[in-house]
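Heads up, the thing below is written out as structure tokens.
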Amino acid sequence: MPSKPAAKTVAPKSASTGHNLARLTDLYRMMVRIRAFEETALEAHKTGEIPGPLHVSIGQEGVATGVCANLSREDRITSNHRGHGHALAKGAESGRMFLELFGREGGYCGGKGGSLHIADFSVGMLGANGVVSGGIPIAVGAAQGLKMLKSKAIAVCFFGDGAINRGPFLEGLNWAALYKLPVLFVCEDNGVAAFTATATVTAGPGVLARAESLGVAGMSVDGNNVIAVDAAAAQLVAEVRAGAGPRLLHAKTYRWTGHTSTDVAAWRDPKDVAAGKATCPIARLKATLVERGATDADAIVAQAATEMAQGRAAAKAAPWPQPSTAFDDVQDVGAVRFG
Amino acid sequence: MPSKPAAKTVAPKSASTGHNLARLTDLYRMMVRIRAFEETALEAHKTGEIPGPLHVSIGQEGVATGVCANLSREDRITSNHRGHGHALAKGAESGRMFLELFGREGGYCGGKGGSLHIADFSVGMLGANGVVSGGIPIAVGAAQGLKMLKSKAIAVCFFGDGAINRGPFLEGLNWAALYKLPVLFVCEDNGVAAFTATATVTAGPGVLARAESLGVAGMSVDGNNVIAVDAAAAQLVAEVRAGAGPRLLHAKTYRWTGHTSTDVAAWRDPKDVAAGKATCPIARLKATLVERGATDADAIVAQAATEMAQGRAAAKAAPWPQPSTAFDDVQDVGAVRFG
Amino acid sequence: MPKSSTIEVTLNEAGRLAALQEMRRDPRVWVLGEDVARGGLWGQYRGFLEEFGPERVVSTPISESTIMGAGLGAALVGTRPIIEMRIFDFVMCAMDELVNQIAKIRYMFGGQARPAVVVRMPHGMWRNSAAQHSQMLESWFVHLPGVIVVAPSSCEDEAGLLVSAIRSDDPVLFFDPKDLWPLSGTMPAGEIAPIPFGKARQLQSGKDLTIVTWSAIVPKVSEAATLLAKQGVHADVLDLRTLWPWDEAAVVASVKKTKRLLVVHESVEVGGFGAEIVARVIDQLGPSNVKVAKRLGAPRLPIPFSPPLENQIRVTTDKIVAAGLAVAKAG
Amino acid sequence: MPKSSTIEVTLNEAGRLAALQEMRRDPRVWVLGEDVARGGLWGQYRGFLEEFGPERVVSTPISESTIMGAGLGAALVGTRPIIEMRIFDFVMCAMDELVNQIAKIRYMFGGQARPAVVVRMPHGMWRNSAAQHSQMLESWFVHLPGVIVVAPSSCEDEAGLLVSAIRSDDPVLFFDPKDLWPLSGTMPAGEIAPIPFGKARQLQSGKDLTIVTWSAIVPKVSEAATLLAKQGVHADVLDLRTLWPWDEAAVVASVKKTKRLLVVHESVEVGGFGAEIVARVIDQLGPSNVKVAKRLGAPRLPIPFSPPLENQIRVTTDKIVAAGLAVAKAG
Ligand SMILES: Cc1ncc(C[n+]2csc(CCOP(=O)(O)OP(=O)(O)O)c2C)c(N)n1
Ligand SMILES: Cc1ncc(C[n+]2csc(CCOP(=O)(O)OP(=O)(O)O)c2C)c(N)n1
Ligand SMILES: [Mg+2]
Ligand SMILES: [Mg+2]
């Protein structure tokens, strides 16, 4: 199984090439909306408006944004436990997402999933997943199904650097390469898995070498440079869509917060945290926008803040799901109505 | 995690270097005994003396023999579904093995395991395994335990080329490299997995590249040249024992028979089968022995034939286990005696 | 061909014909699993590659997690996979994909998706294949919300229930009784009609006791019931055929008549589905309306290899007859 | 310290102290699992790394199959691992290693080896964690030969049963009740004595009905029993503490007295361990000696996220009281 092009690092195209201001602005708007959604969700979790576990991706917005900017509505994505950004970037509505996180009627999953299972099948977001690597075989199978159905759509599989130490990573990549499936694997490498630095539990030269050894060509990119992510994703998505088989994008990024909203990640060195935050993909793109003469950056931030504040308020005001809906959507034959 | 030495192919040392006639004769005797054991077992399975599924390794004797020739009794091995050769090479007695395959009293597992679960813990053979890749995490854990206990012993893990497409391969190698465990992985590559050519279900450059990508250095060797296997194993076992961490030996070999004793593998090209048999490790070593002036090759074959004929006859004559022993060795607390 | 006419088949062939019919009927149906392009380990897909090609008859790597998970993913985009697991015990390598994903996806996502997969899992004791190739854990999946559990024992049911399974929009766990692959029987000629889930099949009728059973042990139960009849003990024998949903109404009605219940299954008695049946019957009829309720299953042991050991722990016709007599005479 | 004196702890701390004691007592005992070097997800190993070092407190990759399988391998060479699985649902990623290997190795190899492992699996509903982080499937393992199944609900039992588990030469599946981690209670000061497996704890006594229960739901059952007593309905309340072996004798003796059985568990009622209890009691006493035998568990649904939905399907004190009254008055 040839696995060219050999893994390599894509240099971020300078903003002037290929990226017109409109696209940069769109990328900026999406990152800002993801940031605003999750900061709002963190607030709402603190006050108890949002129950259950909450995993935010603050600092990582560049990856979901840059990759999904290259997808169509028909394309499918699978996500992991940190799926808000993936959902928004794929086109999910913040309002219905808030309703779901709040466990209210009208949420994407009718309140049955919450943050950990955020999904919007209508835009091809096949779901966050509570199991690390859980999305890998699903994405591979989705790609196999799409190929079988002669669809032009592809599948994209988002997972973290902690996921590459579970068996499904090997099985899924081997499988995708074998059947030359239209799937792009995206490893969001924030250097941590829960409370452990992934470098301390991951042997070998890294995810690209693992992918190569399984017949999947890949690239590394600075995940906090959304222009570079957009460029790399554009190339890989084009190759995948053209039928070249699977590809892997390794995006280095940084997560500002702890593992969950209640984890302060006290074990991290404050110096590293500061350095990590300094690479903020939003701040970096804003600088480029300003340099390119854009004037609406602050307005975009304000709009996003309003959008999310309204979403939060609407969710808080929304009715709870009817208790009897707990019995819906298990299975048609053999369904139970009551205990 | 550095994974030097880089994967490479070891050239078979010429028989004159390092291999005195006594050692060559020992290697020959072991291969001949394995062959005789399995040919006898095949016979006994045809007649119904041996019940249940039977997987033989005829043609692959060079790998188990060459590797185990470098192990001490304290070293541990795990095996797969094709474990007769591994057991014999590690020092198990053919007589008690026959008793087990026949399901008789006095068999290694008291008749509870049969061929698929052949094991002799007294010589460090931690068991054949009915689950492909099942032995990988066990071997890795055994190595971790041995290291923890400050033992000089190492673990060796035998598996087939079909096993490298299951998750435990990735998890186990990453784990072994991470903790620098004293374990040697041995991939017996006979080109097939059940009724499928492994090349048609395995993507990427191969097992060595996979191991490298997980921080495990390895070597390829002609598994049907037992002298080469012995030399390669000697080097890798020495490195592992010295605390260098895990290593992988990739041994190309050929299986003469079908997947199970009842599978004729009609799908294989007769030309390939002929070519495969032509690489018989026993015939090749015999030629070397004769060239080196050995005169006892035929006597060794005759002795092995006698040993196995006696083992078979003894097993056939042996009593069945007491039915009540079916209730033994489940668990001490919470054991049941009857239905 | 007249609907009345029937054909002679083995259970294996019955399943093959059912899958064949459904793959011809619906181009979205496909099969994946190890060696399926060569007809599958049990030959239950003989000729499929030739007719449907490698895109719909996919021989896979030994990657159970992905066989299960990829089947799920492919279902989420609108195909209808038959996920062939070869031998049930290997499903243990794919439990996250089955238990945490397939069984929960429809509910967890509020009905946004329904994974229309059939997971075929040949199970049970089979010619001394020992602890890792003989397990029956079907009761586990009755306890698992989100799945339909099917366990046929006859050629006709293997075919008709497999058709229903392939047409189901919810996941179906289909336990092929591997010891019965060679069982010969008849099935209606021509189009194989789907058999609805949740309807037991009455094999014999009698007033003295009710015997409830399913899967590979059914032929032995029939044999035992015939022997019991010779001794003047007449049993209602119900083959449940599907464990979830299961035909509680038929079982309760029968026990209401006989007042005596015996559940027979090949799997371990402790924590087996027989316990659920006893508990429901007692719950529905009230203890005072039942004279005796017993179960006959395997003792809580892994399956040993050696024939006399396997025989010692296995449910046999003799044991069923003895249990039937005890239940008929008790109280 | 006098044996009589006790200390105040949480259930989480009780478990921590038990593991700490055993790791001090036996150098072959060690713990492996994700984040355990940082004290574990639940802090149940706080301070272990500092005291025992990284060789005995092993933070692992996210590799559940290998966490389970490596624990087994290490046990086969004479160490005694505590295999920490973080949250029960993730055990689905390691079922081959648990079901096909750990549970069968002693038997399959004719007693040549005994894997002395403890598998800790915090389970159950916990603050709206939805379908993939709330499952209770403890009944599955009662049906699985080769393992001991422990499900404590009090600080004292968490400690004493964990000590017994770590000292067991056979594999023990230890279900920490994660919703009860903060539960405060007392335990004997000083050396933690092992609590034998298979002995139920009587929490309340009464003649009107027998309530059998275990794990996270126990505090609610106690509360309900107290409310029932206020209404003049007095229950024998038995916390089984271990499900295999389980204290059948105590349960049968109690029902013999009360003639009324109610089993309460948080897990799904269909196919739950309650069914086995009902079936055994009916088997042992005969239906005619039991007036009523009922179960109260969750309906057959995955666990939903939203509080009102979770509350709708969850076993609550009100539901237990209602069920208790119904059982007390029935027949
Ligand atoms: C199979 C499995 N094991 C463990 C967990 C608990 N867990 C949830 S997220 C997480 C860390 C994942 O790290 P990574 O994949 O790098 O994603 P990140 O949190 O860094 O975005 C762990 C261990 C889980 N959800 N699933
Ligand atoms: C997890 C699992 N899947 C499938 C099987 C069925 N099976 C037994 S051996 C085998 C082929 C293994 O091939 P390989 O590892 O190359 O060993 P070989 O038979 O060639 O010696 C298969 C698919 C199994 N035992 N375990
Ligand atoms: Mg990470
Ligand atoms: Mg092979």
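Numbered from 1 within each chain, the chains take letters A, B, ... in sequence-line order.
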Under 4.5 Å heavy-atom distance to chain D, tell me which part of [X] shows up: side chain, backbone, both or neither.
X	result
B/Leu146	both
B/Ala128	backbone
B/Ala139	neither

Within the structure provided, determine whether [X] and [Y] are in side-chain contact (heavy-atom separation under 4.5 Å).
X	Y	result
B/Val333	D/Trp244	no
B/Arg76	D/Leu76	no
D/Met108	B/Leu116	no

How far apart are the closest heavy atoms of [X] and [Y], and which atoms are they?
X	Y	answer
B/Pro137	D/Glu97	CG-OE2, 4.2 Å
D/Gln112	B/Phe121	OE1-N, 2.8 Å
B/Leu178	D/Pro61	CD2-CG, 3.5 Å

| said: Taking the six-membered ring of D/Tyr107 as reference, does the cationic atom of B/Lys112 (NZ for Lys, CZ for Arg) lie under 6.0 Å from its centre and within 45° of its axis? | reply: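 Yes, a cation-pi geometry holds between B/Lys112 and D/Tyr107.
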
Can you tell me how far apart [atom1] ([X]) and [atom2] ([Y]) are? Round to the nearest 0.5 Å.
X	Y	atom1	atom2	result
B/Ile138	D/Ile105	CD1	CD1	4.5 Å
B/Trp175	D/Ser65	CH2	OG	10.5 Å
D/Ile67	B/Glu171	CD1	CD	8.0 Å
B/Ile118	D/Phe109	CD1	CZ	9.5 Å
D/Asp170	B/Gln331	CG	CD	6.0 Å

Contact winner vs chain D - [options], heavy-atom pairs under 4.5 Å:
options	result
B/Leu170, B/Thr325, B/Asp120	B/Asp120
B/Ile136, B/Val140, B/Val131, B/Asp332	B/Asp332
B/Gly113, B/Ala335, B/Ala119	B/Ala119

| For D/Glu55, does its backbone N or O pair with a side-chain atom of B/Tyr179 as donor and acceptor, under 3.5 Å? |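 Flag not set: sc B/Tyr179 to bb D/Glu55 has no pair under 3.5 Å.
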
Greatest number of heavy atom pairs closer than 4.5 Å to chain B - which of [options]:
options	answer
D/Ala74, D/Pro196, D/Pro145, D/Pro245	D/Ala74
D/Asp96, D/Asp169, D/Thr242	D/Asp96
D/Ser63, D/Ala103, D/Pro27	D/Ser63

Given heavy-atom pairs under 4.5 angstrom as the criterion, report whether the side chain, backbone, both or neither of [X] touches chain B.
X	result
D/Val149	neither
D/Trp246	neither
D/Leu72	side chain

| field | Ion pair check, B/Asp329 and D/Arg114, cut-off under 4.0 Å | value |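 Between D/Arg114 and B/Asp329 there is no salt bridge, as every charged N stays at least 4.0 Å from the carboxylate O atoms.
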
| Verdict with reasoning, B/Asp328 to D/Arg106, per salt bridge (charged side-chain N to carboxylate O under 4.0 Å, His left out) | CA-CA 10 Å; B/Asp328 300 339; D/Arg106 180 180 175 185; over 6 Å; no

